[in-house]
Amino acid sequence: MKIATWNVNSIRARQERLLAWLDRARPDVLCLQELKVVDEAFPAEELLEAGYHCAVHGQKTYNGVAILSRKKPSDIRRGIDDEGDDPQARLISARIADIIVISAYVPNGQEVGSEKYAYKLDWLERLTGHLRKNFSPEDRVLLCGDFNVALDDKDVARPADWSDSVLCDETTRAAVGRIADWGLVDVFREFHPDGGQYSWWDYRMLGFQKNNGLRIDHIFASRPMAQLCSEAEIDRQERKGKKPSDHAPVVAVFDD
DNA sequence: ATGGTTGCTTAGCAA
């Protein structure tokens, strides 16, 4: 099974590239983030024509997540499963065959110490609670998405430039570390221990041209799934050309 | 300290 995660930064702005990429990469499952549309405006018909079912949790203007799959998904759930009343659409999960797939868009946090930063940390704790409440580390779970954090400085092209950024913040790294400690493996890291590969480049300051990137998009697999992982790559090509997203897709392959 | 760009929405916010 080939699964990918991609922050498309608006599904409407990226629709053509998305369809072209699906045709080229042919993943079985694709987790999307930053749809920036309400459910009704999501191009579900076009994607169904392309061979993909869609589980969508949309929102006007901001956020929005989805899971596309060749097989029909079941048990679709939207939002974090707790008492929190979160107006931001940042999580959706579905069962595809016998695998739990979660598409997550972790808050950016803007600036360390800000209100949005506090929301980011709180959201990550809630995500940990969501996993503990609903799953066991022995289940077949794939948690994919834009985590808005590079877990190690070797995943940052110019660490000195980003040392004060929310994308490299140690408290955030520790919060994601606790999610991993529950029983999840960063599968890209397993295949690329040296770093130096990135999934996001700022539109500003010629970020991509200068390769001033960070690896902030991740595929986390529970151990039973991680054992089956045979490949993990970042499709850097997709960041090139006309009207790219600022993120490239991250792709992993699991034995059946 | 701020800038630069993109997208949604239409001047300003979020990233």
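Numbered from 1 within each chain, the chains take letters A, B, ... in sequence-line order.
If you take atom P in dG4(B) and the same atom in dT10(B), they sit 24 Å apart, rounded to whole Å. Separating the C1' atom of dT6(B) from that of dA1(B) is a span of 23 Å, rounded to the nearest Å. Nucleotides dA14(B) and dT9(B) are separated by 14 Å at their P atoms, to the nearest Å. Rounded to whole Å, the P atom of dG3(B) lies 24 Å from the corresponding atom of dC8(B).
More than 12 heavy atoms of other residues, nucleotides or ligands shown are found within 6.0 angstrom of CD on Glu46(A).
Heavy-atom contacts of chain A under 4.0 Å fall on DNA chain B between two terminal nucleotides, which in 5' to 3' order are dG3(B) to dA15(B).
Legend: residues meeting side chain to side chain contact (heavy atoms under 4.5 Å, CB included) with Pro159(A), ordered by chain and number and at least two apart, are Asp153(A), Val156(A). Residues passing the ring pair (Phe, Tyr, Trp, His ring centres under 6.0 Å) test with Phe220(A) are Phe147(A), His218(A), sequence neighbours excluded.
Salt bridge absent: Arg215(A) and Asp217(A) never bring a charged side-chain N and a carboxylate O closer than 4.0 Å. The residues Arg24(A) and Asp235(A) are annotated as salt-bridged, a charged nitrogen and a carboxylate oxygen being separated by less than 4.0 angstrom.
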Worksheet entry | Step-by-step ring pair (Phe, Tyr, Trp, His ring centres under 6.0 Å) determination, Trp200(A) to Trp6(A) | CA-CA 10 Å; Trp200(A) 174 82; Trp6(A) 189 14; over 10 Å; no
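The 5' end of DNA chain B is approached more closely, in terms of each residue's nearest nucleotide, by Ser10(A) than by the other of Asn148(A) and Ser10(A). If Asn7(A) and Ile11(A) are placed on DNA chain B by their nearest nucleotide, the residue sitting closer to the 5' end is Ile11(A).
Among the protein residues, Tyr105(A) comes within range of the sugar-phosphate backbone only, with heavy atoms under 4.0 Å from sugar or phosphate atoms but none that close to a base.
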